[in-house]
Amino acid sequence: MSERKPYKTDLSDEQWALVEPVITAWKAAHPSVSGHQGRYAMREVVNALLYQGRTGCQWDLLPHDFPPAGAVKYYFYTWRDDGTDQTIHDLLRWQVREKARRKADPSLVVLDTQSVHAAAGVPARTTGRDAAKKVPGRKRGLAVDVLGLAIAVVVAAASAHENTVGITLLDKVADDTDTVEKALVDQGFKNAVVAHGQKVGIEVEVVERNPAQTGFVPQAKRWVVERAYGILMLHHRLVRDYEHQPRSSESRVYWAMTAVILRRLTRATAPAWRNS
(Lines give C-alpha, C1' and ligand atoms only; values in the text may rest on other atoms or scores of the structure.)
Protein backbone atom coordinates (compact mmCIF):
# COMPACT_ATOMS: atom_id res chain seq x y z
CA MET A 1 0.00 0.00 0.00
CA SER A 2 2.92 2.36 0.68
CA GLU A 3 4.28 1.90 -2.86
CA ARG A 4 1.65 4.06 -4.50
CA LYS A 5 -0.47 7.10 -3.77
CA PRO A 6 -3.83 5.90 -2.40
CA TYR A 7 -7.13 6.47 -4.17
CA LYS A 8 -10.25 7.61 -2.32
CA THR A 9 -11.85 4.25 -3.05
CA ASP A 10 -9.04 2.23 -1.45
CA LEU A 11 -9.85 0.05 1.53
CA SER A 12 -8.56 1.36 4.82
CA ASP A 13 -6.71 -1.05 7.11
CA GLU A 14 -9.87 -1.36 9.21
CA GLN A 15 -12.01 -2.11 6.16
CA TRP A 16 -9.56 -4.64 4.74
CA ALA A 17 -9.57 -6.45 8.10
CA LEU A 18 -13.31 -7.06 7.57
CA VAL A 19 -12.87 -8.46 4.04
CA GLU A 20 -9.52 -10.25 4.34
CA PRO A 21 -10.73 -13.37 6.24
CA VAL A 22 -13.14 -14.27 3.41
CA ILE A 23 -10.45 -13.77 0.76
CA THR A 24 -7.91 -15.77 2.78
CA ALA A 25 -10.39 -18.63 3.20
CA TRP A 26 -11.12 -18.52 -0.53
CA LYS A 27 -7.42 -18.67 -1.38
CA ALA A 28 -6.96 -21.63 0.96
CA ALA A 29 -9.83 -23.46 -0.74
CA HIS A 30 -8.42 -22.74 -4.21
CA PRO A 31 -4.69 -23.55 -4.02
CA SER A 32 -2.59 -23.26 -7.13
CA VAL A 33 -1.60 -26.56 -8.73
CA SER A 34 2.00 -25.36 -8.70
CA GLY A 35 1.75 -24.20 -5.09
CA HIS A 36 2.30 -20.58 -6.13
CA GLN A 37 0.62 -18.13 -3.77
CA GLY A 38 -0.17 -15.58 -6.47
CA ARG A 39 1.73 -12.61 -7.83
CA TYR A 40 -0.73 -9.89 -6.85
CA ALA A 41 -1.93 -8.73 -3.45
CA MET A 42 -5.60 -9.58 -2.94
CA ARG A 43 -6.17 -6.23 -1.25
CA GLU A 44 -5.08 -4.48 -4.43
CA VAL A 45 -7.40 -6.64 -6.53
CA VAL A 46 -10.34 -5.60 -4.35
CA ASN A 47 -9.18 -1.98 -4.46
CA ALA A 48 -9.17 -2.15 -8.27
CA LEU A 49 -12.74 -3.49 -8.34
CA LEU A 50 -13.95 -0.76 -5.99
CA TYR A 51 -12.13 1.89 -8.04
CA GLN A 52 -13.66 0.67 -11.27
CA GLY A 53 -17.13 0.49 -9.72
CA ARG A 54 -16.92 4.05 -8.46
CA THR A 55 -15.28 5.64 -11.51
CA GLY A 56 -16.83 3.48 -14.24
CA CYS A 57 -13.58 3.11 -16.16
CA GLN A 58 -13.03 0.40 -18.76
CA TRP A 59 -10.93 -2.62 -17.93
CA ASP A 60 -8.06 -1.42 -20.13
CA LEU A 61 -8.13 1.99 -18.44
CA LEU A 62 -7.51 0.74 -14.91
CA PRO A 63 -4.56 2.72 -13.52
CA HIS A 64 -1.23 1.00 -14.01
CA ASP A 65 -0.47 0.93 -10.31
CA PHE A 66 -3.22 -1.66 -9.82
CA PRO A 67 -2.68 -5.31 -10.79
CA PRO A 68 -3.06 -5.88 -14.56
CA ALA A 69 -6.61 -5.78 -15.90
CA GLY A 70 -6.38 -9.46 -16.84
CA ALA A 71 -5.69 -10.46 -13.24
CA VAL A 72 -8.47 -8.25 -11.85
CA LYS A 73 -10.88 -9.63 -14.48
CA TYR A 74 -10.00 -13.17 -13.45
CA TYR A 75 -10.96 -12.59 -9.84
CA PHE A 76 -14.06 -10.54 -10.70
CA TYR A 77 -15.48 -13.29 -12.92
CA THR A 78 -14.36 -16.13 -10.67
CA TRP A 79 -15.90 -14.54 -7.57
CA ARG A 80 -19.02 -13.76 -9.59
CA ASP A 81 -19.41 -17.36 -10.66
CA ASP A 82 -18.73 -19.01 -7.31
CA GLY A 83 -20.70 -16.47 -5.25
CA THR A 84 -17.77 -15.03 -3.30
CA ASP A 85 -18.91 -11.50 -4.16
CA GLN A 86 -22.28 -12.12 -2.48
CA THR A 87 -20.67 -13.98 0.42
CA ILE A 88 -18.49 -10.97 1.25
CA HIS A 89 -21.50 -8.66 0.93
CA ASP A 90 -23.82 -10.80 3.05
CA LEU A 91 -21.32 -11.33 5.88
CA LEU A 92 -20.79 -7.56 6.10
CA ARG A 93 -24.54 -6.90 5.87
CA TRP A 94 -25.14 -9.17 8.84
CA GLN A 95 -22.60 -7.15 10.84
CA VAL A 96 -24.38 -3.89 10.02
CA ARG A 97 -27.72 -5.33 11.10
CA GLU A 98 -26.31 -6.75 14.32
CA LYS A 99 -24.62 -3.43 15.03
CA ALA A 100 -28.07 -1.83 14.67
CA ARG A 101 -29.36 -4.40 17.22
CA ARG A 102 -31.32 -6.34 14.64
CA LYS A 103 -31.29 -10.01 13.75
CA ALA A 104 -28.89 -11.06 11.00
CA ASP A 105 -31.70 -11.49 8.47
CA PRO A 106 -34.85 -9.34 8.21
CA SER A 107 -38.52 -10.23 8.54
CA LEU A 108 -39.59 -7.54 6.04
CA VAL A 109 -38.18 -6.55 2.65
CA VAL A 110 -39.03 -3.88 0.11
CA LEU A 111 -39.00 -4.69 -3.61
CA ASP A 112 -38.60 -2.31 -6.53
CA THR A 113 -37.06 -2.10 -10.00
CA GLN A 114 -34.94 0.40 -11.92
CA SER A 115 -34.43 0.52 -15.68
CA VAL A 116 -31.12 1.82 -17.03
CA HIS A 117 -29.71 2.29 -20.51
CA ALA A 118 -27.32 -0.36 -21.81
CA ALA A 119 -23.96 0.68 -23.22
CA ALA A 120 -22.95 0.10 -26.83
CA GLY A 121 -21.62 -3.40 -27.23
CA VAL A 122 -23.91 -5.01 -24.67
CA PRO A 123 -25.49 -8.05 -26.41
CA ALA A 124 -28.96 -7.22 -27.72
CA ARG A 125 -30.26 -10.62 -26.63
CA THR A 126 -29.80 -9.62 -22.97
CA THR A 127 -31.49 -6.24 -23.28
CA GLY A 128 -34.93 -4.88 -24.13
CA ARG A 129 -37.10 -1.79 -23.90
CA ASP A 130 -39.09 -0.78 -20.83
CA ALA A 131 -42.25 0.44 -22.55
CA ALA A 132 -43.57 2.26 -19.48
CA LYS A 133 -40.37 4.17 -18.72
CA LYS A 134 -39.24 4.33 -22.37
CA VAL A 135 -35.78 3.05 -21.45
CA PRO A 136 -33.88 0.62 -23.71
CA GLY A 137 -31.48 -1.52 -21.72
CA ARG A 138 -31.71 -3.57 -18.57
CA LYS A 139 -33.92 -3.70 -15.50
CA ARG A 140 -32.49 -4.08 -12.00
CA GLY A 141 -34.56 -5.51 -9.21
CA LEU A 142 -33.68 -4.99 -5.56
CA ALA A 143 -35.03 -6.47 -2.36
CA VAL A 144 -33.78 -4.41 0.60
CA ASP A 145 -34.37 -4.45 4.34
CA VAL A 146 -35.56 -1.47 6.38
CA LEU A 147 -31.96 -0.24 6.63
CA GLY A 148 -31.71 -0.14 2.83
CA LEU A 149 -29.31 -3.08 2.68
CA ALA A 150 -29.57 -5.44 -0.29
CA ILE A 151 -31.07 -8.84 0.42
CA ALA A 152 -31.42 -9.95 -3.21
CA VAL A 153 -30.43 -8.57 -6.62
CA VAL A 154 -31.84 -9.48 -10.04
CA VAL A 155 -30.88 -8.05 -13.44
CA ALA A 156 -32.95 -8.77 -16.57
CA ALA A 157 -33.78 -7.18 -19.91
CA ALA A 158 -35.65 -3.90 -19.46
CA SER A 159 -38.56 -5.45 -21.37
CA ALA A 160 -39.12 -7.96 -18.55
CA HIS A 161 -42.39 -7.33 -16.71
CA GLU A 162 -42.30 -6.20 -13.10
CA ASN A 163 -43.99 -9.49 -12.21
CA THR A 164 -41.14 -11.51 -13.72
CA VAL A 165 -38.52 -9.58 -11.76
CA GLY A 166 -40.64 -9.59 -8.59
CA ILE A 167 -41.14 -13.37 -8.70
CA THR A 168 -37.42 -13.96 -9.21
CA LEU A 169 -36.62 -11.63 -6.32
CA LEU A 170 -39.04 -13.47 -4.03
CA ASP A 171 -37.43 -16.79 -4.98
CA LYS A 172 -33.97 -15.43 -4.19
CA VAL A 173 -35.13 -13.98 -0.88
CA ALA A 174 -36.77 -17.28 0.09
CA ASP A 175 -33.69 -19.27 -0.95
CA ASP A 176 -31.21 -17.05 0.91
CA THR A 177 -33.17 -16.45 4.12
CA ASP A 178 -35.83 -18.22 6.13
CA THR A 179 -36.86 -15.19 8.17
CA VAL A 180 -38.64 -12.92 5.67
CA GLU A 181 -42.37 -12.89 6.29
CA LYS A 182 -43.52 -9.83 4.35
CA ALA A 183 -42.58 -7.85 1.24
CA LEU A 184 -43.75 -4.37 0.28
CA VAL A 185 -44.12 -3.53 -3.42
CA ASP A 186 -45.54 -0.65 -5.44
CA GLN A 187 -48.46 -0.74 -7.84
CA GLY A 188 -46.24 -1.79 -10.74
CA PHE A 189 -46.28 -5.31 -9.33
CA LYS A 190 -49.48 -7.25 -9.98
CA ASN A 191 -51.41 -10.18 -8.51
CA ALA A 192 -48.95 -12.73 -9.89
CA VAL A 193 -46.31 -11.51 -7.44
CA VAL A 194 -48.79 -11.60 -4.55
CA ALA A 195 -49.79 -15.14 -5.47
CA HIS A 196 -46.17 -16.27 -5.81
CA GLY A 197 -45.40 -14.78 -2.41
CA GLN A 198 -48.00 -17.09 -0.89
CA LYS A 199 -46.27 -20.07 -2.51
CA VAL A 200 -42.91 -19.23 -0.94
CA GLY A 201 -44.35 -18.17 2.41
CA ILE A 202 -43.97 -14.40 2.02
CA GLU A 203 -46.94 -12.04 2.34
CA VAL A 204 -46.76 -9.43 -0.42
CA GLU A 205 -48.46 -6.09 0.25
CA VAL A 206 -49.02 -3.67 -2.62
CA VAL A 207 -48.57 -0.15 -1.25
CA GLU A 208 -51.15 2.09 -2.90
CA ARG A 209 -50.18 5.58 -3.95
CA ASN A 210 -52.34 8.44 -2.68
CA PRO A 211 -54.07 9.73 -5.85
CA ALA A 212 -54.14 13.25 -4.40
CA GLN A 213 -50.32 13.39 -4.38
CA THR A 214 -48.38 14.54 -7.42
CA GLY A 215 -44.70 14.16 -8.29
CA PHE A 216 -42.31 12.08 -6.22
CA VAL A 217 -43.53 11.57 -2.66
CA PRO A 218 -41.58 9.18 -0.40
CA GLN A 219 -43.75 6.38 0.95
CA ALA A 220 -43.31 5.08 4.47
CA LYS A 221 -40.89 2.12 4.60
CA ARG A 222 -40.76 1.90 0.79
CA TRP A 223 -38.52 4.97 0.49
CA VAL A 224 -35.47 2.96 1.59
CA VAL A 225 -35.34 1.11 -1.72
CA GLU A 226 -35.47 4.43 -3.61
CA ARG A 227 -32.56 5.65 -1.50
CA ALA A 228 -30.64 2.45 -2.27
CA TYR A 229 -31.03 3.07 -6.00
CA GLY A 230 -29.88 6.65 -5.51
CA ILE A 231 -26.75 5.44 -3.72
CA LEU A 232 -26.01 2.99 -6.51
CA MET A 233 -26.11 5.85 -9.01
CA LEU A 234 -23.08 7.35 -7.27
CA HIS A 235 -21.12 4.39 -8.65
CA HIS A 236 -20.47 5.32 -12.26
CA ARG A 237 -20.19 1.72 -13.44
CA LEU A 238 -23.91 1.42 -12.58
CA VAL A 239 -25.17 4.64 -14.16
CA ARG A 240 -25.39 2.66 -17.39
CA ASP A 241 -25.22 -1.12 -17.78
CA TYR A 242 -21.84 -1.96 -19.32
CA GLU A 243 -21.78 -5.68 -18.60
CA HIS A 244 -22.20 -8.36 -21.26
CA GLN A 245 -23.89 -10.74 -18.83
CA PRO A 246 -26.68 -9.84 -16.39
CA ARG A 247 -24.89 -11.84 -13.69
CA SER A 248 -21.93 -9.46 -14.01
CA SER A 249 -24.34 -6.54 -13.51
CA GLU A 250 -25.64 -8.19 -10.34
CA SER A 251 -22.07 -8.60 -9.12
CA ARG A 252 -21.42 -4.90 -9.68
CA VAL A 253 -24.37 -4.11 -7.43
CA TYR A 254 -23.03 -6.36 -4.69
CA TRP A 255 -19.58 -4.74 -4.88
CA ALA A 256 -21.10 -1.24 -4.77
CA MET A 257 -23.21 -2.16 -1.74
CA THR A 258 -20.16 -3.77 -0.14
CA ALA A 259 -18.32 -0.45 -0.43
CA VAL A 260 -21.31 1.31 1.19
CA ILE A 261 -21.49 -1.23 4.02
CA LEU A 262 -17.76 -1.01 4.72
CA ARG A 263 -18.08 2.74 5.14
CA ARG A 264 -21.01 2.27 7.52
CA LEU A 265 -19.13 -0.26 9.62
CA THR A 266 -16.02 1.90 9.88
CA ARG A 267 -17.83 5.26 9.92
CA ALA A 268 -15.81 6.45 6.96
CA THR A 269 -16.96 9.26 4.69
CA ALA A 270 -17.85 8.61 1.08
CA PRO A 271 -15.99 10.33 -1.78
CA ALA A 272 -17.80 13.53 -2.75
CA TRP A 273 -20.15 13.00 -5.71
CA ARG A 274 -19.10 16.19 -7.49
CA ASN A 275 -15.46 15.11 -7.35
CA SER A 276 -16.07 11.49 -8.33
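Looking at Glu243 and Val122, their side chains never come closer than 4.5 Å, going by heavy atoms from C-beta outward. Annotation: side chain of Gln52 is not in contact with side chain of Val72 (no heavy-atom distance under 4.5 Å). A 4.5 Å side-chain heavy-atom check between Arg129 and Val135 finds every atom pair outside the cut-off. Under the 4.5 Å side-chain criterion, counting only non-hydrogen atoms from C-beta, Val253 is in contact with Met257. When side chains are defined from C-beta on, Met233 counts as touching Gln114, because their heavy atoms get closer than 4.5 Å. Using a 4.5 Å cut-off on side-chain heavy atoms (C-beta onward), Asp241 and Val155 make contact. Inter-residue side-chain proximity for Asp171 and Val200 is flagged as met; some heavy-atom pair is nearer than 4.5 Å. Looking only at side-chain heavy atoms (C-beta outward), Gln86 and Glu250 stay at 4.5 Å or farther from each other.
A salt bridge (Lys or Arg N to Asp or Glu O under 4.0 Å) with Glu162 holds for exactly one of Lys139, Lys190, Arg140, Lys133; it is Lys139. The only option from Val144, Leu111, Thr113 that meets the side-chain contact (heavy atoms from CB on, under 4.5 Å) definition with Val225 turns out to be Val144. Paired with Val260 under the rule side-chain contact (heavy atoms from CB on, under 4.5 Å), one option of Leu232, Ile231, Leu92 passes, and it is Ile231.
When every heavy atom of Ala143 is checked against every heavy atom of Val173, the shortest pair comes out as CB-CG2, 3.8 Å. The minimum heavy-atom distance between Val207 and Gln187, with the atom names listed, is O-CG, 3.8 Å. Closest approach of Gly141 to Val165, counting heavy atoms only: CA-CG1, 3.8 Å. Across all their heavy atoms, Val185 and Arg222 have their closest contact at C-NE, 3.7 Å. Nearest heavy-atom pair across Asp176 and Ile151 is OD2-O, 4.3 Å. For the residue pair Ser115 and Ala158, the shortest heavy atom distance occurs at OG-CB, 4.4 Å.
Without hydrogens or angle criteria, Asp130 side chain to Lys134 main chain gives no donor-acceptor distance under 3.5 Å. In this structure, the side chain of Arg138 does not engage the main chain of Ser249 through any donor-acceptor pair within 3.5 Å. Panel note: side chain Lys182, backbone Val204; no donor-acceptor pair is recorded below 3.5 Å. Side chain of Thr177 to backbone of Ala174: no donor-acceptor contact under 3.5 angstrom is found. Looking at Glu205, its side chain never comes within 3.5 Å of a backbone N or O of Leu184 through a donor-acceptor pair. Side-chain N or O atoms of Arg97 include one that pairs as donor or acceptor with a backbone N or O of Ala104 at under 3.5 Å.
Criterion: ILVMFWY side-chain heavy atoms under 4.5 Å apart, direct or through other members. Under it, Val180 and Val193 are part of a common hydrophobic cluster. Met42 and Trp255 fall within a single hydrophobic cluster, where Ile, Leu, Val, Met, Phe, Trp and Tyr are joined by side-chain heavy atoms under 4.5 Å apart, directly or via other members. Following chains of ILVMFWY side-chain contacts shorter than 4.5 Å, one cannot reach Val194 starting from Leu108, and the two form parts of different hydrophobic clusters. Cluster membership for Leu238 and Leu61, using ILVMFWY side-chain heavy atoms within less than 4.5 angstrom, is not shared. The hydrophobic clustering, which links ILVMFWY residues whose side-chain heavy atoms are closer than 4.5 Å, places Trp223 and Val109 apart.
The structure places OG1 of Thr179 at 9.0 Å from CD1 of Ile202, a figure rounded to the nearest 0.5 Å. In this structure, NE2 in His236 is found 9.5 Å from OH in Tyr242, a value given to the nearest 0.5 Å. Rounding to the nearest 0.5 Å gives a distance of 6.0 Å between NZ of Lys73 and CG of Asp60. The structure places CG of Asp175 at 10.5 Å from CG of Leu170, a figure rounded to the nearest 0.5 Å. Atoms CG and CG, from Asp13 and Leu18 in turn, are 11.5 Å apart once rounded to the nearest 0.5 Å. Distance OH/Tyr51 to CG/Asn47: 12.0 Å, rounded to 0.5 Å.
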| task | Take Lys5 and Asp65 through the test side-chain contact (heavy atoms from CB on, under 4.5 Å) and record every step on the way to the result. | result | CA-CA 9 Å; Lys5 185 177 180 180; Asp65 45 10; 6.0 Å; no
| message | I'd like to know whether Leu262 forms a side-chain contact (heavy atoms from CB on, under 4.5 Å) with Leu11, so could you lay out the CA-CA distance, the side-chain angles of the two residues, the decisive distance to 0.1 Å, and finally the verdict. | response | CA-CA 9 Å; Leu262 284 169; Leu11 296 171; 3.5 Å; yes
| task | List the steps, then state whether side-chain contact (heavy atoms from CB on, under 4.5 Å) holds for Thr55 with Thr9. | result | CA-CA 9 Å; Thr55 65; Thr9 52; 5.5 Å; no
| request: Could you walk me through whether Ser107 and Glu181 pass the side chain to side chain donor-acceptor pair (under 3.5 Å) test, one step at a time? | output: CA-CA 5 Å; Ser107 59; Glu181 301 172 353; 5.2 Å; no
| message | Apply side-chain contact (heavy atoms from CB on, under 4.5 Å) to residues Val224 and Leu147 and explain how you reach the verdict. | response | CA-CA 7 Å; Val224 293; Leu147 300 178; over 6 Å; no
| query | Given the rule in the side chain to side chain donor-acceptor pair (under 3.5 Å) test, do Ser248 and Arg80 qualify, once you have shown the distances and angles that lead to the verdict? | reply | CA-CA 7 Å; Ser248 295; Arg80 176 201 68 183; 2.7 Å; yes
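The pair Glu20-Lys27 fails the salt-bridge criterion, with no side-chain N (NZ, NE, NH1 or NH2) lying under 4.0 Å from an Asp/Glu carboxylate O. The pair Asp105-Arg93 meets the salt-bridge criterion, with a side-chain N (NZ, NE, NH1 or NH2) lying under 4.0 Å from an Asp/Glu carboxylate O. Asp85 has a carboxylate O that lies under 4.0 Å from a charged side-chain N of Arg247, or vice versa, which qualifies the two as a salt bridge. Using a 4.0 Å cut-off between a side-chain N of Lys or Arg and a carboxylate O of Asp or Glu, Asp10 and Arg4 qualify as a salt bridge.
Taking the six-membered ring for Trp and the full ring otherwise, Phe66 and Tyr7 have centroids separated by under 6.0 Å.
Within a 6.0 Å sphere centred on NE2 of His64, heavy atoms belonging to other residues, nucleotides or ligands number 12 at most.
In this view, Glu203 satisfies the salt bridge (charged side-chain N to carboxylate O under 4.0 Å, His left out) rule with no residue, not counting sequence neighbours.
The aromatic rings of Trp79 and Tyr75 are tilted relative to each other, their planes meeting at an angle between 30° and 60°.
The stretch residues 145-204 participates, sequence neighbours left out, in no ring-ring contact (aromatic ring centres under 6.0 Å, His included) pair at all.
Taking the centre and axis of the six-membered ring of Phe76, the NZ or CZ atom of Arg252 falls inside the cone set by 45° and 6.0 Å.
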